[in-house]
Amino acid sequence: MAQNIESRWQQWWDEQGTYIQPNPGETGFDGSKPKYYCLDMFPYPSGAGLHVGHPEGYTATDILCRYKRMRGFNVLHPMGWDAFGLPAEQYAIQTGVHPEVTTKTAIDNFRRQLKRFGFCYDWSRELGTIDPDYYKWTQWIFLQIYHSWFDPDADGGKGKARPINDLIRDFVEGKRKVKLNPHAVEYTGAGDLPDGTDAGPWESLDTETRKAVVDSYRLAYLSQQVVNWCPKLGTALANEEVHDGKSERGGFPVLRKPLRQWMFRITAYADRLLDGLTDLDWPGSTKTQQAEWIGRSEGAEIGFPIVLGGELDMGETLRVFTTRPDTIYGATYMVVAPEHGLVEMAMEFAGGETDGDKIKEYVAWASGRSDVERQENKEKTGVFLGIHVRNPVTEELIPVWTADYVMMGYGTGAIMAVPGQDQRDWDFAKAFDLPIVRTVQPPEDFEGEAYTGDGPAINSDMLNGLHIEEAKAKMIAWLTKHKLGAKRVNFKLRDWLFSRQRYWGEPFPIVFDEFGNHHGVSEDSLPVKLPPLTDYQPVESDTPKPLLAKAREWVHTTAGQAGVDGMHPDSKVTRETNTMPGWAGSCWYYLRYCDHKNSEKLIGDAAQDYWMGEDGVDLYIGGNEHAVLHLLYARFWHMVLYDLGIVKSTEPYRKLFHQGMITSHAFQRADKSLVPIDEVENLGTDGKPSYVEIATEQPVERIVAKMSKSLKNVVNPDDVIAEYGADTFRLYEMYMGPLEASKPWNTRDIIGLHRLIQKIWRLCVDETTGELKFADSADDAVEKQLHRMIAKVGDDIEKLNFNTAIAAMFEFVNVAKALTKDQMDRFVRVIGPFTPHVAEELWHKLGNETSVAVADWPSFDEAMLIDEEIEIPIQVMGKLRSKLHVARDTDVKTLEAMALADEKIRALIDGKTVRKVVVVPGRLVNIVAN
RNA sequence: GGGCCUGUGGCGGAAUUGGCAGACGCAGCGGACUUAAAAUCCGCCGGGGUAAAACCCAUGUGGGUUCGAGUCCCACCAGGCCCA
């Protein structure tokens with residue numbers, strides 16, 4: 001029956017366009033209503049179809065949106081597809097089927113499955129990141145970023161993105177000193193002046209230098225980056241995909257190789273990304289994760305003069321960043337990253353204390369290690385460079401080592417090692433027998449090694465006795481005064497590597513001329529369409545070659561064809577062959593939903609003003625696995641677009657909520673290894689289970705585990721819907737527990753929710769005639785319970801407490817045996833958001849012609865929520881001893897008197913002294929007596 | 001190693017935010033209806049204790065604050081997630 005009713009109404013909603021939400025200016029739009037923009041994280045349409053985790057968040061937003069609509073909001077609730085990405089491409093490599101074919105099949109399947117849940121998406125706004133009409137604007141945004149620079153002085157020192165032409169104009173007009181961007185990480189390194197060098201007047205520079213200067217400011221820039229290159233797979237790999245120098249997939253060797261890559265200067269926004277978190281209504285843990293990822297730390301940059309052979313002053317300094325300048329007296333050695341310029345310099349001057357071969361060997365070895373491996377706190381490795389620096393404070397000579405636990409990407413790629421106050425330095429010092437000097441006095445009972453806590457400074461001359469914060473301040477002041485260092489803020493956040501050597505992604509709207517200079521294509525030549533390929537095999541090569549290089553005709557074109565302004569149309573150009581990473585399309589999709597058919601603009605003004613308002617998306621629900629990457633990247637794009645005046649809200653997502661993971665059961669052997677569920681049998685009863693692995697007859701323990709193919713504990717929503725219907729499925733997932741909690745799937749429990757729907761049905765419908773049945777008159781108890789349910793359900797929906805809302809429905813149908821027509825009318829409205837199909841069926845049986853989805857939410861009477869007579873527990877010494885039945889508003893004195901007069905209580909306190917009587921009116925009485 | 005979160009019946013969970021622990025559902029037990037089963041309806045359902053009550057114990061463990069603690073504080077144990 002469920003199948004029949006559900007598919008009938010789903011079809012009707014489609015035909016009626018029940019859930020289509022018009023935009024401002026369109027027919028049917030009611031501008032007097034407030035807006036509610038409720039967004040789900042759109043799915044990656046995999047070939048496997050939906051799993052039971054998808055509909056959890058989607059059902060929650062569906063209920064909320066239906067409720068908000070009934071409460072008089074215009075609701076924007078769209079759905080789309082995050083469809084570029086690796087799995088479709090991997091599949092293409094194996095089968096030769098174009099990723100577009102497999103992806104579109106997967107999308108059709110996902111759409112079919114989602115519609116089967118009866119979700120109230122406005123499908124007219126559906127979009128996919130692979131649609132050329134969509135990625136046209138992804139490319140357009142890239143161009144905006146490419147044509148921008150970050151002016152750190154703008155906006156009162158907060159800094160903002162400005163058009164790159166503003167910068168060029170400043171250079172031409174002499175308003176700004178022409179120099180390389182001092183904040184550009186790709187140009188910093190040992191020996192560079194921290195402030196950049198004045199390049200002289202603009203007109204004195206040749207074209208090439210001018211271009212280099214301008215490019216160093218772009219928010220999207222090309223840079224040599226050391227990546228994990230796997231020749232066999234023909235692509236760069238993420239750190240997480242490399243283990244022991246081999247690729248996780250296939251076990252092929254991985255090299256550290258510099259690659260010319262597109263980068264986003266997200267580091268320029270570090271402070272704003274951090275500060276912006278404060279006002280967001282996001283889970284605290286997510287904010288913390290982003291803040292830690294950004295990793296702001298205050299400290300000092302200090303220059304240590306480099307000394308060769310113990311006396312020859314090089315006239316250069318080794319710059320280090322440290323968060324603990326107060327510990328400089330305890331710096332007993334220095335460490336530079338193996339990629340640091342000083343290592344190469346050491347090898348040039350090999351001889352004496354410098355063992356060039358050993359250094360060379362070490363650097364080669366370190367280059368094969370991923371960042372993750374290098375940061376693992378295992379065995380310390382390193383080589384003495386034979387170079388010393390002079391401690392600027394103590395004037396003592398300190399040896400310089402290279403070791404891979406120092407990263408080139410963090411700070412300056414060099415540290416002053418203070419083993420007394422840093423455990424990694426301590427371990428290293430122990431391993432290589434280097435001196436350890438404590439500069440902070442640990443507490444007397446301290447038994448650890450490095451001491452990182454606070455305490456008075458020792459062995460530190462002018463700092464002695466000062467605590468960390470004072471000592472830091474004093475040292476920074478001293479260094480600044482003597483021009484040996486300065487206060488500096490450092491971030492863990494790195495610039496965002498935006499190139500992939502893959503096929504299935506957005507092409508860059510960039511071409512290179514014959515001299516290798518890059519040019520953005522003009523806006524009217526967008527989209528740069530992804531060319532079809534027939535061969536998706538990675539190019540096996542030592543020199544990284546992106547897959548798109550195979551589309552030779554597409555790659556080699558002319559400026560006219562590609563649409564490059566300011567070049568002769570016949571000039572030969574080659575297209576950028578890297579593609580954008582999967583994050584690109586998901587960085588801004590929430591904007592496009594507002595106005596997805598707009599061919600003139602990314603988003604029209606009226607649509608943006610109404611739907612995004614000042615705070616952006618009202619509620620964004622998705623998994624917390626996106627806590628950092630997607631949610632940080634999207635905020636970054638939004639901020640750039642804000643600076644350029646394209647969007648008007650400062651943040652994309654006002655309120656964020658993470659639904660918990662739906663887990664499953666699995667079985668665990670004594671050694672903690674897992675057993676698939678079909679290899680276990682229950683020899684006990686349901687009440688007292690006793691699980692045994694069939695093959696070994698050994699007992700196993702039932703535990704909660706992630707759903708996975710190998711454990712055979714994956715649940716397919718299609719099967720559940722086929723058996724119980726979508727309404728039951730929706731209720732079950734919402735009744736499992738709090739939305740944010742991770743909860744185990746338990747098929748056996750579904751029946752209870754199925755019974756609820758049947759009880760609802762039987763409460764309203766006479767099963768013999770199929771007609772509605774009504775009570776002659778309203779029962780007081782039922783009427784009261786109805787008011788309570790309306791209040792409770794509405795309140796719970798607002799708080800996303802769907803499990804207790806459903807419990808309130810259970811309580812109602814357990815009380816109500818018959819409803820009047822008026823009661824039924826209200827009841828059906830309340831269940832509408834949860835079980836839209838059954839509700840719609842009953843709603844129409846009640847004689848309505850329009851959908852229950854557009855009905856008003858019923859009101860309730862506050863007075864009905866309050867009991868006139870209540871039960872008050874009486875405690876003696878905090879233990880429940882008796883109860884009073886009293887009028888709700890009985891005052892304190894009366895309650896106290898009644899409690900003390902209670903027979904049971906009198907017996908208990910007989911012979912004791914009543915010390916105190918605590919009375920909470922309407923709550924309880926507690927008697928303290930002894 | 002650091003950070004965050006969680007721990008309540010056989011199971012999922014509830015608890016007005018410091019005020020009657022176990023709402024609601026599942027499973028289980030007993031009964032009604034039925035030739036029988038399913039479905040449905042009624043009752044019981046943390047442990048000990050009792051003829052039944054009374055009473056005692058109980059929210060991972062141990063302490064603390066409080067008239068009163070599942071809820072707040074400290075320590076520990078176990079599990080999970082994130083970072084390293």
Side-chain angles (χ1 to χ4, degrees), chain A residues 239 283-293 295 371-378 405 407 410 423-424 427 448-450 452 492 623-625 627-628 658 660-663 665 668 672 682 684-690 702-706 731-738 740-756 758-759 762 767 792 795-796 801 803-814 817 865 870-884 904 907-908 914-930:
Chain A
N239 278 331
S285 62
T286 305
K287 289 193 193 183
T288 307
Q289 274 183 54
Q290 285 213 355
E292 282 175 0
W293 186 267
D371 287 0
V372 175
E373 288 174 300
R374 286 172 56 167
Q375 286 168 56
E376 270 172 7
N377 216 354
K378 285 184 188 162
Y405 78 95
M407 302 289 148
Y410 184 76
Q423 189 60 41
R424 285 174 308 175
D427 294 341
E449 298 176 331
T452 54
K492 238 186 255 171
N624 70 357
E625 67 273 19
V628 173
H658 299 304
M661 197 183 6
I662 293 190
T663 55
H665 290 288
Q668 196 176 48
K672 304 233 165 187
N682 183 4
T685 59
D686 278 343
K688 271 213 168 107
S690 151
R702 193 171 90 143
I703 58 152
V704 168
K706 280 186 188 177
L731 282 177
Y732 171 64
E733 286 216 345
M734 293 300 98
Y735 192 60
M736 287 173 80
E740 68 275 18
S742 113
K743 310 160 279 267
W745 180 272
N746 206 342
T747 300
R748 198 169 63 178
D749 291 348
I750 298 172
I751 189 72
L753 287 306
H754 193 58
R755 281 180 198 147
L756 175 59
Q758 289 174 325
K759 281 183 186 178
R762 282 195 299 268
E767 287 195 285
K792 173 79 175 153
D795 196 42
D796 279 348
N801 291 339
N803 52 334
T804 47
I806 294 167
M809 295 179 191
F810 269 112
E811 286 180 277
F812 179 73
V813 296
N814 286 343
K817 299 299 165 211
L865 310 184
I870 55 171
E871 204 180 55
I872 299 276
I874 312 174
Q875 299 179 340
V876 177
M877 303 298 286
K879 293 200 182 217
L880 176 69
R881 295 301 179 188
S882 187
K883 282 174 184 177
L884 292 174
K904 280 188 191 167
L908 275 163
V914 175
R915 307 272 172 204
K916 190 174 175 186
V917 180
V918 181
V919 181
V920 185
R923 248 317 158 251
L924 58 46
V925 180
N926 189 16
I927 297 163
V928 187
N930 55 13

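Nearest-nucleotide assignment on RNA chain B puts the 5′-proximal partner with A:Pro738, out of A:Pro738 and A:Met877. Nearest-nucleotide mapping onto RNA chain B: of A:Gln758 and A:Pro744, the residue sitting toward the 5' end is A:Pro744.
Between the side chain of A:Thr663 and the backbone N or O of A:Lys706, no donor-acceptor pair lies under 3.5 Å. In terms of modelled atom types and a separation under 3.5 Å, the side chain of A:Lys759 and the main chain of A:Asn814 share no donor-acceptor contact.
Rounded to the nearest Å, the gap between the C1' atom of B:rA37 and that of B:rC24 is 29 Å. To the nearest whole angstrom, the two P atoms, one in B:rC45 and one in B:rG22, are 11 Å apart. Separating the C1' atom of B:rC20 from that of B:rG68 is a span of 12 Å, rounded to the nearest Å. Spacing of C1' atoms, B:rA15 relative to B:rG30, comes out at 30 Å, to the nearest Å. For the P atoms, the distance from B:rG49 to B:rG60 is 24 Å, rounded to whole Å. With both ends at atom P, the span from B:rC74 to B:rG3 equals 13 Å, rounded to whole Å. A gap of 12 Å separates the C1' atoms of B:rG9 and B:rA27, to the nearest Å. Taking atom P in both B:rG10 and B:rA23, the straight-line distance is 14 Å, to the nearest Å.
The shortest side-chain heavy-atom distance between A:Arg881 and A:Lys904 does not fall under the 4.5 Å cut-off. Between A:Tyr735 and A:Ile750, the closest side-chain pair of non-hydrogen atoms is not below 4.5 Å. Residues A:Ile662 and A:Met736 are in side-chain contact: their nearest non-hydrogen atoms beyond the backbone lie under 4.5 Å apart.
Annotated as syn: B:rG9, whose glycosidic dihedral is within 90° of 0. Taking syn as a glycosidic angle within 90° of 0, B:rU40 does not qualify and is anti.
One can place CD of A:Gln290 at 18 Å from P of B:rC4, the figure rounded to the nearest angstrom. Atoms CZ (A:Arg881) and P (B:rA53) sit 17 Å apart, rounded to a whole Å. Atom CD in A:Glu292 sits about 9 Å away from atom P in B:rA84, given to the nearest Å. Rounded to whole angstrom, the span from the CG atom of A:Leu756 across to the P atom of B:rG12 amounts to 21 Å. With rounding to whole Å, A:Asn624 atom CG is found 10 Å from B:rC83 atom P. The nearest whole Å value for the distance from the CG atom in A:Asp795 to the C1' atom in B:rU17 is 14 Å. Put simply, CE on A:Met661 is 17 Å from P on B:rG79, counting in whole angstrom units. In this structure, A:Lys879 atom NZ and B:rU66 atom P are separated by 18 Å, rounded to whole Å.
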- prompt: What pattern of brackets, bars and dots sums up RNA chain B from 5' to 3', given Watson-Crick or G-U wobble pairs under 3.5 Å, [ ] for crossing pairs and | for another strand?
  reply: (((((((..(((......[....))).(((((.......))))).(((......)))..(((((..]....)))))))))))).

task: Can you check each nucleotide of nucleotides 18-26 of chain B against protein heavy atoms at under 4.0 Å and return B for base, S for sugar-phosphate only, - for none, in 5' to 3' order?
output: -BB--BBBS

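Nucleic acid contact for A:Arg762: sugar-phosphate only, since backbone atoms but no base atoms lie under 4.0 Å from a heavy atom of the residue.
Separating the CD atom in A:Gln758 from the CD atom in A:Glu767 is a distance of 8.5 Å, to the nearest 0.5 Å. To the nearest 0.5 Å, atom CG of residue A:Asn624 and atom OG of residue A:Ser285 are 6.5 Å apart. To the nearest 0.5 angstrom, A:Lys743 atom NZ is 8.0 Å from A:Asn803 atom CG. Between A:Gln875 atom CD and A:Leu924 atom CG the span is 5.0 Å, to the nearest 0.5 Å.
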What protein N or O atoms touch nucleotides 43-48 of chain B N or O atoms at under 3.5 angstrom, if any, and at what distances?
none

- request: Begin with the C-alpha distance, continue with both residues' side-chain angles, and end with the deciding distance and a verdict on side chain to side chain contact (heavy atoms under 4.5 Å, CB included) for A:Ile872 and A:Lys883.
  value: CA-CA 5 Å; A:Ile872 299 276; A:Lys883 282 174 184 177; over 6 Å; no

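For A:Ala627 against A:Gln289, the heavy-atom pair with the smallest separation is CB-OE1, 3.4 Å. Contact between A:Arg923 and A:Pro873 at its shortest, heavy atoms only, is O-CD, 3.0 Å.
Classified by interplanar angle (parallel below 30°, tilted 30° to 60°, perpendicular above 60°), the ring pair A:Tyr732/A:Trp745 is perpendicular.
In terms of phosphate contacts, A:Lys743 brings no side-chain nitrogen or oxygen within less than 4.0 Å of OP1 or OP2 of B:rG12.
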